[in-house]
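One structure is given below, encoded as structure tokens.
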Amino acid sequence: MTTLSVDRTVGRLVGAARLRQRLAVTVGVPALAVLAALSVGAALMAVEGVAAMSVYGEVLRGVFVLDHGLTDTAVAATPLLLIGLGLAVAYRAKVFTIGAEGQYLVGAVAATAWATAAGVRDWPGAPLVVTSLLVAVLAGGAWAAVTAGLNSRFGASVVITSLLLNYVATALLAWAVRVGIRDPGSFTPQSREIGAAALPVLPGLDVHLGFLLAVATVPLLGAVLARTRFGFRVDVMGANAEVLGANEARPARVTLAVLLVCGAFAGAAGYIQVAGVSGRLTPGFATGYGFTAIVVALLGRLRPVGVLVAALTLSALTIGFDVAERSYEIRSSTVGVIQALVVVFFVAGDALARRST
Amino acid sequence: MDTLLTFATLAAAIRLAVPVAMAALGEVITEKAGVLNLGLEGTMLCGALAGYLATRSSGSPWLGLAAGLAVGAGCGALLAVLMVAVRANQIVTGLAFTLLASSATTYLYERSYTLGQSPPRIERLGMPPLVALVIAVLAAVWFLLNRTTAGLVITATGEAPEAADALGYRVARIRTAATVAGSALGGLAGAMLVCGPLGLFIQNVTAGRGWVALALVVFARWRPELCVLGALLFGVCDAAQLRLQGTAAAVPYEAFLALPYLVTLAALMLRARDSRTPQALAVPYVRGAR
Amino acid sequence: ACGDAGKKETASADATAAAKPKLAIVYSPQFKDGSWGEAALTGAQKLKADGVISDFVAQENVPPGADAERALRDLAEKGYNPIIAHSFNYGDDVKKVAKDFPKTIFAYAGGFGDVKDNVADYSQPFWEATYLEGILGAGATGSGKVAGAGGFDIPVCRAMYNAYLAGAKLVRPATTGSFVAVGDWVDVQKAKEAALSQADQGATMFVGCGQGPTFGQIEAAKERKAVAAGYVGDMSGLADSVLVSFTWNLDKTFGQMVADVAAGKVNPTRYYEVGMKDGGMDVVINPAWQSKIPAAVMTTYEQKLADVKSGAFTVPFAGK
Amino acid sequence: MTGVARAFGSTVALSSVDFEVAPGEVHALLGENGAGKTTLVRILAGLDRPDAGSVSVYGQPVRRFAARDLRGAGVAMVQQHFTLVPTLTAGENLALARPEGRIRPRAKAARERVERLADRYGLAIRADVPAGQLSVGEQQRLELIRALDADARLLILDEPTAVLVDAEAERLLSVCRRLAEEGRAVVIITHRLGEVFTGCDRVTVLRRGQVALGGTPVRDHDRAGLARLMVGASPADAPPAPPATQPPIPAPTRARSLERLRVDGVSRGRLDGFDLAVAGGEIVGMAGVDGNGQADLEALLAGLAAATAGTLTLDGEPLPVGDPRRRVRAGVAYIPSDRYRHALAGPMSLADNLELGRGHRVRPARRRRDRLLAPVLRRWDVRTAGPAARASTLSGGNAQKLVLARELAGEPRLVVAAYPTRGLDPDAARMISERIVKAAAAGAAVVWFGAELDELFAVADRIVVLATGHAAGPFEPPYDRAAIGLAMAGGHR
Ligand SMILES: Nc1ncnc2c1ncn2[C@@H]1O[C@H](COP(=O)(O)OP(=O)(O)OP(=O)(O)O)[C@@H](O)[C@H]1O
Ligand SMILES: Nc1ncnc2c1ncn2[C@@H]1O[C@H](COP(=O)(O)OP(=O)(O)OP(=O)(O)O)[C@@H](O)[C@H]1O
Ligand SMILES: [Mg+2]
Ligand SMILES: [Mg+2]
């Protein structure tokens, strides 16, 4: 009896200490990474004779004070969040796909093709939105399934096949806007406007419905990961695929499942970006969200809430610097260096913190 | 079709293959030791800028190549600190590095740029010395991996780091050395592109060649001679693509753009089964972890 | 003051200059690209140096879509007018934002007269220049085909190629040619290989669309003793293979917009078509070539140049 | 070594240990699982550094604990787990361990080197095959050859016999004897007490990181005494003989029911038309030299692989293949030969590991899962820091108990137990044996792969020898050791 209660108290104390430590790593490392990157950025700006502190003040102002700062951040975070959530699931299972960019593009192309197809484009909003989302999810998933199939059937590396498929998707996008789903009335290569398939802007909030959807998936995915057999399998797979295969499920099936989830999320993000922001597909639609989302997933430590925080943080940096670039004589490459350094320092800091615990 | 299978197509394929082959040869060394360097594209970009600036200031493209090699090694050192010493996730480290390199090279290039004056072309090297360089490096890498004790040690480090460790080899040191050496060749590859066929630098001048090199290494099953062969195959695809466009108008040209990647995917289907992926590839080594 | 080093003036800051408009440019890659970006930046600089505008702000690396929309909105709120979105991919963004700022002129590089209220369009009639370049090309080479290349197969690029071919035919009626899409705006090596493959098939005259393809062609032309054309900017200094270039004098285009703003025409519904006729572009022959072009060809060229400049002849747009 | 201490976090693996080995002796190092044996010898070999204390080798104090330096000083070690590079051949593995210059040897030279050493010590190995494809016995011999190749003066073997069958183990011990006679010092860690008396000169016993018995001659002790020293129990608790040989329920009293498992002409890998039938309540011991198809049979019975020919049925139904949950639902308990490869997800909690293959679609909250686990851990005497602990933190015995707790829950129909007591201390081994026997008593058909014949003699109703993919036997009690040995030898390549 007594030993048990002593055990429990000790356990609680140890637990509390570990919690504190984890908190320090969770909050401290990203904070330090941002600080370090900003310091390097300040040095770069000093070389060019720009007052870094004022620039950083402007960055904050751009996010928190200016009218659209927060809503713009939310909108910019939406695709990163969605893709990042899907990637987090795959990475938990140690299925390191980097094909989200391609899945995102394919989702966008498929959904746009559907929503602008003759006959369909006259549908009313609600069914059009729902079916378009579905098409995007299916298309993204199918694209990801190719990677899974090549992996399970031929043992081809997920990293490499998913990377190669990104190039194929890029070519597909180029063809689609030039020929496949081109707006016949347009002078330049681009699709028709998606019309009623566009997502409504939330009244009073100034962000599109997609953001709300994305945020709503966070607790949902959290629950799925923590409380379902699927989530369990994902974690076992990440811990030891052979153990999974001997006791719980075929690893190839779980690989397929997480890649499908990843593709579905990325595909959905593609549609939501078209429907919430760009309104149609253009050749410039591929801006690398699928790659940035990898960073988001890892910065968020592969946990849904973490991914949300990471997506918002990275977007806030983008938005803030964007505003600052208009007010100060700084070059976009300086900003690019600072943003990349945030990631580099975070990755290094995180690994260091893990090593010392 | 008669325009396709000509000596000219082959020559074009070789020219396109040269930088990619060099980068892939470097990556083979790195991956053999168990490090997956997704920062290769960024390393090539840094090497390209170094090659351009060095040639521009010295007038000697050979010095440009040397600068690319040195800067590539520097990139490798930085990457090794992160991926090997600190044991950061190799995938995200590589991606982040490429991101950084893209911005940093733009930043530095812009500093050497005067508006209204197109930046000067640099002295260029002809293809023969570059091809010779690739062959020489191929021979060296092949010899290193297949005929030397060092190659055996590198292989062991990538296959079974705990075994190498148990034998007293310093896994971290070997992986660092392999990353530095591989990245040096990556930097050299970038410089070869700029100091060879191009004679100029522009933003993101490597245009994804580092990623292609990464795919090639897998395609080649970590064998240097197949890397070069694969690069050539890729080059043939590209060269044929550019030639076919004029003749086969019915097929959209985007299909040709995707062709090299589709061919690589197809090749992976044929070869992946018996592939000899280093067992510890992209797995940071921690002594005594189970 | 020291703490604010590097701060750009905002439009409302300076009362004395308030009479003069302030201009804003949004661009999607970096300005220092030896091409479009550089033309826009130097155009704005010239207007400022000439005292036509009191100041300007130029933001680079703004992808079309959400980022562009935000930038345009923010610049409009800061009082910049006109606001120039320097790519045809900005069309949707401009139209979306322009509604909320009816007193600001938003211009984008659509190039086909896509105008409504305060949404303006401005032309890039590069084909006018390439038509003239084609005359010189055919004259300088004596034989051989035309090789066109673009990053992607888009109408503007096709039009440049078709006009060049038409110009060449003026000198050598039997001239033929081919067009290749490289698949990338920056991959110079691939572009060079495309050009070399066209040279293998008999091309002697290159005309490029986009700086990657153009740089590649210039290098290829150097190796094959062919002639190339510079794209948006005088590229004579790069190589002797550059026979002729054209410059894009955007100060002329932007100047017309500024004049409209200064005149209080907030809603001009205007397509700023500023071609060679209005000094919006110039053709620059490489000094190294000046003396090598046959006199007869030179006469044809000068005749056509004069016709284009006077408006007597309009180079047709052929985007297919 | 004197006063050596080493702690991992809060676990004290060694506290102030003195240990000494003399040239010309075979020195046994004994102790329960987790006693600190491996930690001790790893320090000796420079693979780990002590927190305190000093070590000297042949009079030279060790300053830098670097494996390379210590190998230079003549220390060679065969680790508890194989440290061969599986994709390299035997020759390449040797060249890796002790390069003869910067250029690596050609295949022929490498092979000759292996054969030279193999001949000299009478340890046969195929030289041209990747190490990963060698049988476990061959791999162990290769490990030994590699250590000997370094011409070590001090040779350390960490549980070298754990994966060997008796005959192979005996051969290994006799090699050790010869090495000692050549004047080298040999340290052997083992859990098989018999070996101490047949092959060793002196013995040291570690208990919970401390020396319980410091290097006294073997002849001063008996098995029971050593076993007592290891577990530190009072004489009353301690078994008089190796505990695994004492089944709690004697075989004859187990009620045998009808045939449950039937294996008909099955082929796969090294198995070639293998037959077997096991009744409910029956334990069939699978004996044989490793590499004769055991791994294939284990995989087939566990449903990890499909047979290329033949059928496997349980109670008339085909044995499930591929989907592990179907295996679980069919009542097949699987205790694999490699726990951390096939049974336990090291980075996950004990609770999660118990849920493998058995959880529901919706899982309870984490706290609740951990709470439900506590009684299971108590029932199985799994000693751990708590239910949230990671499985990788468990010692070998505790890890195996966790596996059994999961696999034997809910009356299995078939128990596939591959070397279930391998590497366990006597106490843990006894408990594991008891529980499997109990499962048989409850009606399960049991296939028990064993490395020690004594263990199989004690638990099995019948023994089948697996030789070159075929079944030999069955042998019934009373067992004829010589006949079984002959059958096993028949299977030797
Ligand atoms: N390959 C898989 N990868 C990931 N999750 C899976 C996989 N298969 C099933 N699941 C998840 O687990 C749940 C149940 O899976 P499954 O049907 O395989 O279990 P089961 O043990 O066969 O159940 P039952 O006894 O009801 O047939 C499914 O709802 C699904 O969410
Ligand atoms: N790297 C490590 N990290 C944490 N704990 C460790 C580590 N290595 C050993 N331990 C712990 O130290 C103690 C002694 O372990 P050691 O491996 O030396 O035991 P052993 O006597 O060799 O046991 P066995 O007979 O099971 O091999 C154990 O409690 C073990 O869990
Ligand atoms: Mg041990
Ligand atoms: Mg089922």
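- Between A/Asp350 and A/Arg301 there is a salt bridge, since a side-chain N of the basic residue sits under 4.0 Å from a carboxylate O of the acidic one.
- Only the side chain of A/Val159 comes within less than 4.5 Å of a heavy atom of chain B; its backbone N, CA, C and O stay farther away.
- Between A/Phe285 and A/Tyr104 there is a side-chain heavy-atom pair separated by less than 4.5 Å.
- Within the 4.5 angstrom heavy-atom criterion, no atom of A/Gln339 approaches chain B.
- If you measure heavy-atom distances from B/Leu95 to chain A, the contacts under 4.5 Å come from the side chain alone.
- When B/Thr93, B/Leu99, B/Thr105 are compared by the number of non-hydrogen pairs under 4.5 Å with chain A, B/Leu99 comes out ahead.
- If you measure heavy-atom distances from A/Val347 to chain B, the contacts under 4.5 Å come from both the backbone and the side chain.
- A/Glu242 is not listed as a side-chain neighbour of A/Pro251, based on a closest heavy-atom distance of 4.5 Å or more.
- Contacts of A/Leu44 with chain B are made by both backbone and side-chain atoms, with heavy-atom separations under 4.5 Å.
- In this structure, the ring of A/Tyr328 has its center no less than 6.0 angstrom from the ring center of A/Phe321.
- A donor-acceptor pair under 3.5 Å is absent between the side-chain atoms of A/Asp183 and the main chain of A/Gln190, judged by distance alone.
- Proximity to chain A is absent for every atom of B/Ala101, based on heavy atoms less than 4.5 angstrom apart.
- The contact list for residues 163-172 of chain A toward chain B, using heavy atoms and a distance under 4.5 Å, reads A/Leu163, A/Leu164, A/Leu165, A/Tyr167, A/Val168, A/Ala171 by residue number.
- You'll find the ring centres of B/Phe234 and B/Tyr261 inside the 6.0 Å limit.
- Put simply, the side chain of A/Arg182 gets close to the backbone of A/Arg178: a donor and an acceptor are under 3.5 Å apart.
- Across all non-hydrogen atoms, the minimal contact from B/Leu193 to B/Pro19 is CD1-CG, 3.8 Å.
- At a threshold of 4.0 Å, the pair B/Glu110-A/Arg331 counts as salt-bridged, since one of the basic side-chain nitrogens sits closer than that to a carboxylate oxygen.
- Counting heavy-atom pairs closer than 4.5 Å to chain B, the top-ranked of the candidates A/Ala340, A/Ala348, A/Ser332 is A/Ala340.
- When atom types are taken as modelled, the side chain of A/Ser162 and the backbone of A/Thr97 share no donor-acceptor pair closer than 3.5 angstrom.
- Options B/Leu100, B/Leu108, B/Leu259 differ in how many heavy-atom pairs under 4.5 Å they form with chain A, and the most are formed by B/Leu100.
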